[in-house]
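A short write-up of the structure that comes next.
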Protein chains: 2
Amino acid sequence: MKNNRLISEAIDSYFPRLATMPALKADLVKISQIHRFEAGTVILRQGAYIKVIPLLISGLAKVFKEEPEEGNEVLLYYIKPGESCVMSVTTLIRNQTSQVKAVIEEDSEVVIIPAEQALAIAKKYPKWNEFIYDLFNLKFEELLHVIEILTFSKKDKRLLEYLRTEAKLKERKVLNTTHQQIAYDLGSSREVISRLLKKLEQEGYIHLRQGAIEITDKI
Amino acid sequence: MKNNRLISEAIDSYFPRLATMPALKADLVKISQIHRFEAGTVILRQGAYIKVIPLLISGLAKVFKEEPEEGNEVLLYYIKPGESCVMSVTTLIRNQTSQVKAVIEEDSEVVIIPAEQALAIAKKYPKWNEFIYDLFNLKFEELLHVIEILTFSKKDKRLLEYLRTEAKLKERKVLNTTHQQIAYDLGSSREVISRLLKKLEQEGYIHLRQGAIEITDKI
DNA sequence: AAAACCGTGTAACTTTTGTTACTGAATAAA
DNA sequence: TTTATTCAGTAACAAAAGTTACACGGTTTT
């Protein structure tokens, strides 16, 4: 959908860094479109070439690493409003295929920049690169944290942290999800997750209901 | 040690991308020094501020994530000749303290750029940013791989891959290391590593000797 | 040479995680 | 309302990883 006023406002509100440079903003508005995606939409497939660069305005997306062959995957990090998919950008620049999968987690509005134009923008405006650079940095640190917790913590701690992050990002205390879904995100099995959730409930960190998990205030 | 000819040659040989821009190269030569570090030197401490940006000319360095409190750590990736410590660069830009530790693994020659001057270089020359950007990208992918193997593989596979990477980077088939050292790198315990090494030996992948491990050609 | 130390081997046990197999409750569909 | 279907619970077992404890062969130090 082409609505320049909407795109312009979206950049002003969610990408103030890009808005500080009027020429850059004008170019972005000119070449991009705004799209809505429903939860569950795969916006980037592992192994695929990059056709567009997305800027998330509202909603939430998740980025996964898939295991080759087997159908397993791990959640790497989230894409929040005001962020883009850094892997798309760098993969595009290096003309590789994507190493990760990105899935819309909550209905989202996204400013879509066609790949070739995004490359031109990157060449023309250092500000754009600064933006990407910062984002890249942020995600790098998030990966470090995943490695840290995978190496030094047990699954129960990882699980609790996952639940709290989900609750925080979705701004609710009750998560509508299934044990199976959590198992997919964490690269584990449903039975293990059920067992650990039960333990967390007994310890008072959460309350379990059918298809829902409530996070308590216990620290 | 200040030796402009040496620095100039080092940049030509190991950082050809930076050498393509004569002005950038000239500035780098002007502000930097060449240093030798012995194996074991900690060139970047976790939690410390960044004072210099290193460019590795020869030798090898390792980058670790340390567990807060406990003394445990995990190997994240290596810094090879022709590379710099990306975390130094981004940490410097954001004026944060380092999230990682970097240790010289094999006696190394390093071109040292003082932090403030490095910031000036980054502002002045887009080429420098391109270089960092590519490096960042590379390390990002290496982190992805660590997460992948931590999530989907067992320790024996991780161990074998570690041994092979070490052998490749150090260009020898016999690694002079101890089981304890490997345990530190992989964030495990000596006994577990001993057990798994014995298993790998029985399977024909390695030969064990006192203080040394020989990697065989078995695939 | 005796003592101390380091690196390794390994048994026995515990904890954590994964797997198999089956049950029943809750919800949606026919 | 009956029938599927999805989701959750859980026991029992297996495998992987961590822990404790100790033995032993080399070095190195005294």
Side-chain angles (χ1 to χ4, degrees), chain A residues 39-40 67 69-75 146-163 166 174-203 205-215, chain B residues 40 67 69-75 146-163 166 174-215:
Chain A
E67 192 183 16
E69 313 294 312
E70 325 284 321
N72 301 327
E73 56 187 34
V74 225
L75 173 62
V146 172
I147 292 177
E148 185 182 347
I149 205 161
L150 281 175
T151 307
F152 303 123
S153 303
K154 283 177 280 175
K155 280 251 146 74
D156 57 346
K157 185 172 172 189
R158 176 151 158 71
L159 174 57
L160 183 55
E161 198 178 285
Y162 164 86
L163 294 172
E166 287 268 325
V174 179
L175 301 173
N176 291 104
T177 181
T178 66
H179 300 186
Q180 183 61 69
Q181 186 52 54
I182 299 172
Y184 282 139
D185 282 3
L186 301 185
S188 183
S189 72
R190 201 269 309 166
E191 292 83 350
V192 171
I193 297 300
S194 287
R195 185 197 290 152
L196 293 176
L197 283 172
K198 188 51 72 181
K199 192 180 144 228
L200 289 178
E201 185 178 44
Q202 280 161 4
E203 292 168 347
Y205 293 111
I206 56 175
H207 292 302
L208 297 175
R209 293 206 302 276
Q210 184 83 356
I213 298 171
E214 182 185 349
I215 282 80
Chain B
E67 191 184 17
E69 314 292 314
E70 324 283 322
N72 300 327
E73 56 186 34
V74 224
L75 173 63
V146 172
I147 292 177
E148 186 182 346
I149 205 160
L150 281 175
T151 307
F152 303 123
S153 302
K154 283 176 282 175
K155 280 251 147 71
D156 58 346
K157 187 174 172 189
R158 175 150 159 73
L159 174 57
L160 185 55
E161 199 177 283
Y162 164 86
L163 295 172
E166 287 269 326
V174 178
L175 301 173
N176 291 104
T177 183
T178 66
H179 299 186
Q180 183 62 70
Q181 187 51 55
I182 298 173
Y184 282 139
D185 282 3
L186 301 186
S188 183
S189 71
R190 202 271 308 165
E191 293 83 350
V192 171
I193 298 300
S194 286
R195 186 198 289 153
L196 292 176
L197 283 172
K198 188 52 73 180
K199 192 180 144 227
L200 289 177
E201 183 178 46
Q202 280 160 5
E203 292 168 347
Y205 294 111
I206 56 175
H207 293 302
L208 296 175
R209 293 206 301 277
Q210 184 86 353
I213 299 171
E214 182 185 349
I215 282 79

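Fair warning: this is a prediction, and the values are worked out from it, not measured in the lab. In what follows, chains are A, B, ... by sequence order, proteins preceding strands, each numbered from 1. The figures here come from the full heavy-atom set of this structure, side chains too, leaving out hydrogens, waters and symmetry mates.
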remark   = To the nearest angstrom, the CG-C1' distance between A:L196 and D:dT10 comes to 14 Å
request  = Quick one: list whatever passes side-chain hydrogen bond (donor to acceptor under 3.5 Å, both in side chains) with A:E67, sequence neighbours left out.
outcome  = A:N72
remark   = Residue set satisfying side-chain hydrogen bond (donor to acceptor under 3.5 Å, both in side chains) with A:K157, at least two apart, ordered chain then number -> none
task = Using the test side-chain hydrogen bond (donor to acceptor under 3.5 Å, both in side chains), find all partners of B:E166 that sit at least two apart in sequence or belong to another chain.
result = B:K62, B:Y78, B:K170
query = Can you tell me how far CD1 of A:I182 sits from OH of A:Y162, rounded to the nearest 0.5 angstrom?
reply = 5.5 Å
Protein-nucleotides 27-29 of chain D N/O pairs closer than 3.5 Å?
none

message = Determine whether A:V74 and A:V146 satisfy the following criterion, side-chain contact (heavy atoms from CB on, under 4.5 Å), listing intermediate values before the conclusion.
response = CA-CA 10 Å; A:V74 225; A:V146 172; 5.9 Å; no
task = Mind calculating the distance between CG (A:L200) and C1' (D:dA8) to the nearest angstrom?
result = 16 Å
ask   = Can you tell me how far C1' of C:dC6 sits from CG of B:N176, to the nearest Å?
value = 16 Å
query = How would nucleotides 18-24 of chain C be written as a contact map, 5' to 3', with B for base contact, S for sugar-phosphate-only contact and - for no contact, using protein heavy atoms under 4.0 Å?
reply = BBBB---
inquiry  = Tell me the interatomic distance from B:Q181, atom CD, to C:dG7, atom C1', rounded to whole angstroms.
reply    = 13 Å
remark   = In whole angstroms, the gap separating P of D:dG9 from NZ of A:K199 amounts to 16 Å
task = Let me know the distance between NE2 of B:H179 and P of C:dT10, rounded to the nearest Å.
result = 11 Å
task = Side-chain contact test, heavy atoms from C-beta onward, threshold under 4.5 Å: evaluate it for B:K198 versus B:L208 and give yes or no.
result = yes
note = To the nearest 0.5 Å, atom CG of B:D156 lies from atom OH of B:Y205 at 9.0 Å
task = Report yes if at least one side-chain N or O of B:K198 is closer than 4.0 Å to OP1 or OP2 of C:dG9; otherwise report no.
result = yes
request  = Rounded to the nearest angstrom, tell me the gap between atom CD1 in B:I182 and atom P in D:dG18.
outcome  = 14 Å
query = When rounded to the nearest 0.5 angstrom, what distance separates NE2 in B:H207 from CD1 in B:I215?
reply = 10.5 Å
inquiry  = Among residues at least two apart in sequence or on other chains, which ones pass side-chain hydrogen bond (donor to acceptor under 3.5 Å, both in side chains) with B:R158?
reply    = none
ask   = Would you say C:dT15 has OP1 or OP2 under 4.0 Å from some side-chain N or O of A:K154?
value = no
key: B:I193 CD1 - D:dT19 P separation (whole Å)   = 12 Å
